[in-house]
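Both backbone and side-chain heavy atoms feed into the values below; hydrogens, waters and symmetry mates do not.
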2 protein chains.
Amino acid sequence: MDAPRLTTILDLVRWIGWAQRKAGEDWIRSREITMEQGFALGYLVQNPGAIQRDLAEITRTSPASVSSLLQGLERRGLVERRADSADVRSKRAYATPTGAELIAGFEAAMTAVDDTILAPLDQTERATLHALLTKVTAELPQPTR
Amino acid sequence: MDAPRLTTILDLVRWIGWAQRKAGEDWIRSREITMEQGFALGYLVQNPGAIQRDLAEITRTSPASVSSLLQGLERRGLVERRADSADVRSKRAYATPTGAELIAGFEAAMTAVDDTILAPLDQTERATLHALLTKVTAELPQPTR
DNA sequence: CTCTAATGGTTAGAGCTCTAACTGTCAAAG
DNA sequence: CTTTGACAGTTAGAGCTCTAACCATTAGAG
């Protein structure tokens, strides 16, 4: 039958992604940073000395983008970059104490956001959803992390 | 037992949304326009005379954003705007023949993209996924269309 | 050892998004 | 009929993203 669907699966997917972003922004707004900066900072706290290329990969973005993002964070003293002694091309990035302090709780807040969004689903449904989405992403390019 | 999940549901959701965007960009790049312009143009072909506020709503964006987006399209002669005769505040937007011609096939291409992404799932699984996502979005703010 | 290709980053330029402040128009109350 | 508030849209300023062009450094081939 396949009646024309008013809201496709991909519409719903984009919508949910958008909602997560918006919810996250509400938490982060007080810190005077952006979601992207929050993700980067959080990642650097978990992975001190990460190289820019890695950051570009896990955020599914470009090296150019990471470059300007980190420049902004560095300008504000939230991040530090030092060239790798073994390979000067690579720049290792670290969250400064200020940066780490600023982002403390971000991870937790995002987890809370996720939980709020998924609240309508019970554990079984979440497992099903996770399985289905994994099946889809398995055939996609680019790893998530 | 709730072992720490390496890739959360929301991670997967964002990933899929990103993949859709990228795939769409591949199609659209030859037209020298952006995804956003493509969506707007496509919407205006389907809904001639739409008002900017509506466009902002369905794209889950701001009036300011629509304003500049349409300015770009208008500058290139792909869109026309005329004030509503009954309410001069409102500006009704129309895709020009050139604009409509440019975007012809976009909708179909996007549907094809969606189908490719969802290829790993059979009809039953898609139905389940759609149901689960709908359950989630039912509790979210902002309608999709 | 040298030449070439790959690799990590950066810059420039353009588009999108947001917030905040502002214009002009319409509508409703008094 | 005026005043006040809601509403549609715009502009300015800043951040993010992308592509394309470009540096510097490193690795590999010969």
Side-chain angles (χ1 to χ4, degrees), chain A residues 14 17-19 21-26 28-41 43 49-76 78-93 142, chain B residues 14 17-19 21-26 28-41 43 49-76 78-93 142:
Chain A
R14 284 202 315 279
W18 175 86
R21 177 173 234 290
K22 286 307 165 188
E25 276 173 0
D26 290 341
I28 219 162
R29 203 182 308 287
S30 51
R31 267 77 177 175
E32 298 267 300
I33 58 175
T34 65
M35 272 309 251
E36 292 79 12
Q37 294 177 326
F39 275 119
L41 220 35
Y43 182 79
I51 214 172
Q52 294 189 202
R53 181 180 49 64
D54 298 335
L55 209 40
E57 207 164 298
I58 74 121
T59 58
R60 259 176 249 114
T61 190
S62 66
S65 189
V66 172
S67 190
S68 73
L69 185 63
L70 290 187
Q71 274 173 34
L73 288 172
E74 197 169 39
R75 203 182 312 128
R76 292 176 51 185
L78 304 176
V79 153
E80 262 181 28
R81 288 183 291 173
R82 294 192 287 282
D84 187 312
S85 49
D87 183 345
V88 190
R89 291 174 304 180
S90 303
K91 296 197 178 171
R92 304 206 161 273
Q142 288 278 69
Chain B
R14 283 202 317 279
W18 175 87
R21 177 171 235 289
K22 287 306 166 189
E25 276 172 0
D26 289 342
I28 220 162
R29 203 182 309 286
S30 50
R31 268 76 179 176
E32 299 266 300
I33 59 177
T34 65
M35 272 308 252
E36 293 78 12
Q37 295 177 325
F39 274 120
L41 220 35
Y43 182 79
I51 213 173
Q52 295 189 202
R53 181 180 48 65
D54 297 335
L55 210 39
E57 205 164 300
I58 74 121
T59 58
R60 260 175 250 114
T61 189
S62 67
S65 189
V66 172
S67 191
S68 74
L69 185 63
L70 290 187
Q71 276 173 32
L73 288 172
E74 197 168 38
R75 203 182 312 128
R76 292 177 52 185
L78 304 177
V79 153
E80 260 181 28
R81 288 183 291 173
R82 294 193 288 281
D84 187 311
S85 49
D87 185 343
V88 191
R89 291 174 304 179
S90 304
K91 297 197 177 169
R92 303 205 162 274
Q142 288 278 68

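- The residue B:R92 sits apart from the nucleic acid: no heavy atom pair falls under 4.0 Å.
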**Message:** Generate the contact string for nucleotides 11-20 of chain C. Rules: B means base contact, S means sugar-phosphate contact only, - means no protein heavy atom under 4.0 Å.
**Reply:** B---SSBSB-
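- Distance B:R82 CZ to D:dG9 C1': 17 Å, rounded to the nearest Å.
- With D:dT10, C:dT25, C:dG9 as the candidates, the nucleotide lying closest to the side chain of B:V88 is C:dT25.
- Side-chain atoms of A:E36 and A:T61, non-hydrogen and from C-beta on, never get closer than 4.5 Å to each other.
- Two residues are said to be in side-chain contact when any heavy atoms from C-beta on lie closer than 4.5 Å; B:R60 and A:K22 fail this criterion.
- Side chains of A:L55 and A:L69 form no contact here, defined as non-hydrogen atoms less than 4.5 Å apart.
- Side-chain contact of B:Q52 with B:R81: a donor-acceptor pair under 3.5 Å is present, judged by distance alone.
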**Request:** Indicate for each nucleotide in nucleotides 2-7 of chain C, in 5' to 3' sequence, whether protein heavy atoms under 4.0 Å reach the base (B), only the sugar-phosphate (S), or nothing (-).
**Result:** ----BB
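- Summarising the geometry, atom CZ belonging to A:R75 is positioned 7.0 Å from atom CD belonging to A:Q71; distances are rounded to the nearest 0.5 Å.
- Computed from coordinates, the B:D87 CG to C:dC26 P distance equals 5 Å when rounded to whole Å.
- Taken to the nearest 0.5 Å, the CD atom of A:E57 stands 11.0 Å off from the CD1 atom of A:I51.
- The distance between atom CD of B:E32 and atom C1' of D:dA20, rounded to the nearest whole Å, is 14 Å.
- For the pair B:D84 CG and C:dA27 P, the computed distance is 11 Å after rounding to whole Å.
- Summarising the geometry of A:I28 relative to A:G38, their closest heavy-atom pair is CD1-CA, 3.8 Å, with the distance given to 0.1 Å.
- You'll find the side chain of A:I33 reaches within 4.5 Å of the side chain of A:R76, heavy atoms only.
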